[in-house]
Visitor: 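Could you have a look at this structure, given as structure tokens, before my questions?
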Amino acid sequence: MVLYVDDMLIAAKKKYDIQKLKGLLSAEFEMKDLGAAQKILGMEIIRERERRKLFLSQRSYIQKVLARFGMSSSKPIDTPSAANIHLTAIYSDSDYAGDVDTRRSMTGYVFTLGGSVVSWKATLQPTVSLSTTEAEYMALIEAAKEGIWLKGLIVCWDKTSRYLNSLLITYATTNN
């Protein structure tokens with residue numbers, strides 16, 4: 001469920017689950033069902049029901065930005081991520097029992113992409129470690145989880161940028 005001010009979007013694998021949630025919410029709140037969503041937060045929702053896929057498109061936003069800056073007639077080019085840009089963890093560490101009051105250890109990590117910091121964290125671990133090895137292990141696990149998430153984000157971003165570029169190419173070729 002996504003709630004933004006007074007707009008709500010409900011998504012579930014089963015239609016029954018959506019109807020059940022709508023029933024529960026309408027028993028507590030005044031609601032109006034507007035049917036299947038076409039847009040959310042300015043993004044168009046594209047459904048491919050036969051493939052069971054949903055896509056979000058920012059085509060209209062891109063067109064507005066291009067028009068705003070007088071670039072509607074510009075020729076787009078494909079700009080995939082450069083092959084030499086790699087996600088790197090440059091720091092992952094802990095300090096065993098560093099907090100004198102709780103004896104919890106500190107976890108810290110930094111990730112860079114193309115030489116720029118894109119993610120970092122420095123926080124007390126949620127539990128007390130029994131050894132320096134355990135504290136280091138917990139720090140590495142947190143860094144690994146973030147690295148996996150960032151890698152997925154980069155893959156998704158690359159696919160999205162290719163999709164957006166193809167939309168721009170289609171837009172430019174159909175409007176020239």
Visitor: Who pairs with Glu136 by salt bridge (charged side-chain N to carboxylate O under 4.0 Å, His left out), at least two apart in sequence or on another chain?
Guide: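 Partners of Glu136 under the salt bridge (charged side-chain N to carboxylate O under 4.0 Å, His left out) test: none.
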
Visitor: What are the two closest heavy atoms between Ser26 and Met31, and how far apart are they?
Guide: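 Reported closest heavy-atom pair: N-SD, 3.5 Å.
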
Visitor: Could you pull out all residues at least two apart from Thr107 that satisfy side-chain hydrogen bond (donor to acceptor under 3.5 Å, both in side chains)?
Guide: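 With sequence neighbours excluded, Thr107 shows a side-chain hydrogen bond (donor to acceptor under 3.5 Å, both in side chains) to Gln125, given in chain and number order.
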
Visitor: When Ile, Leu, Val, Met, Phe, Trp and Tyr are grouped by side-chain heavy atoms lying under 4.5 Å apart, directly or through other members, which residues fall in the same group as Leu130?
Guide: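 Other cluster members: none.
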
Visitor: I need the full list of salt bridge (charged side-chain N to carboxylate O under 4.0 Å, His left out) pairs touching residues 23-32, with sequence neighbours left out, sorted by first then second residue.
Guide: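 Checked against salt bridge (charged side-chain N to carboxylate O under 4.0 Å, His left out) - neighbours excluded - no pair reaches residues 23-32.
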
Visitor: I need the Thr112 OG1 to Leu150 CG distance, nearest 0.5 Å.
Guide: 10.5 Å

Visitor: Just verifying a value: how many Å separate Phe111 CZ and Glu146 CD, rounded to the nearest 0.5 Å?
Guide: 6.0 Å

Visitor: Report the residues that fulfil side-chain contact (heavy atoms from CB on, under 4.5 Å) with Ser131, sequence neighbours left out, ordered by chain and then residue number.
Guide: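 Once residues adjacent in sequence are excluded, the partners of Ser131 under the side-chain contact (heavy atoms from CB on, under 4.5 Å) criterion are Thr133, Glu134.
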
Visitor: Identify whether Phe29 and Leu21 are in the same connected component of the hydrophobic contact network (ILVMFWY, side-chain heavy atoms under 4.5 Å).
Guide: yes

Visitor: Excluding sequence neighbours, so at least two apart, what forms side-chain contact (heavy atoms from CB on, under 4.5 Å) with Ala37?
Guide: Leu9, Ile45, Arg47

Visitor: Can you name the one residue among Thr123, Leu124, Asp95 that meets side-chain contact (heavy atoms from CB on, under 4.5 Å) with Arg104?
Guide: Leu124

Visitor: Would you say that Trp149 contacts Ser119 through its side chain, given a criterion of any heavy-atom pair below 4.5 Å between the two side chains?
Guide: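 Contact flag for Trp149/Ser119 side chains = no.
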
Visitor: Sequence neighbours left out, what passes side-chain hydrogen bond (donor to acceptor under 3.5 Å, both in side chains) with Glu142? Give chain and number order.
Guide: Lys145

Visitor: If Ile, Leu, Val, Met, Phe, Trp and Tyr residues are connected whenever their side-chain heavy atoms lie under 4.5 Å apart, and connections chain through other members, are Val128 and Met138 in the same group?
Guide: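 Different hydrophobic clusters.
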
Visitor: The criterion is side-chain contact (heavy atoms from CB on, under 4.5 Å); which residues satisfy it with Phe69, sequence neighbours excluded?
Guide: Val65, Met71

Visitor: To the closest 0.5 Å, what do you measure between NZ (Lys151) and CD1 (Ile154)?
Guide: 9.5 Å

Visitor: My understanding is that only residues two or more places apart in sequence, or in another chain, count here; which of them pass salt bridge (charged side-chain N to carboxylate O under 4.0 Å, His left out) with Arg51?
Guide: Glu48

Visitor: Would you name the heavy atoms of Ser129 and Tyr96 that are closest together and state the gap between them?
Guide: O-CE1, 3.5 Å

Visitor: How far does CG of Asp17 sit from CD1 of Ile10, to the nearest 0.5 angstrom?
Guide: 11.0 Å

Visitor: Ser60 versus Met43: any side-chain heavy-atom pair under 4.5 Å?
Guide: no

Visitor: I need the Lys64 NZ to Ser72 OG distance, nearest 0.5 Å.
Guide: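 If we round to the nearest 0.5 Å, Lys64:NZ and Ser72:OG are 12.5 Å apart.
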
Visitor: Would you please name every residue forming a salt bridge (charged side-chain N to carboxylate O under 4.0 Å, His left out) with Lys22, sequence neighbours left out?
Guide: Asp33

Visitor: Would you check if Phe55 and Lys53 make a side-chain contact, meaning some heavy-atom pair closer than 4.5 Å?
Guide: yes

Visitor: Under 4.5 Å between side-chain heavy atoms, chaining through other members, with only Ile, Leu, Val, Met, Phe, Trp and Tyr counted: pull out the rest of the cluster around Leu24, sorted by chain and number.
Guide: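 ILVMFWY cluster around Leu24 holds nothing else.
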
Visitor: To the closest 0.5 Å, what do you measure between NZ (Lys39) and OG (Ser57)?
Guide: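 OG of Ser57 is found 9.0 Å from NZ of Lys39.
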
Visitor: Could you tell me which residues satisfy salt bridge (charged side-chain N to carboxylate O under 4.0 Å, His left out) with Asp101, sequence neighbours excluded, listed by chain and number?
Guide: none

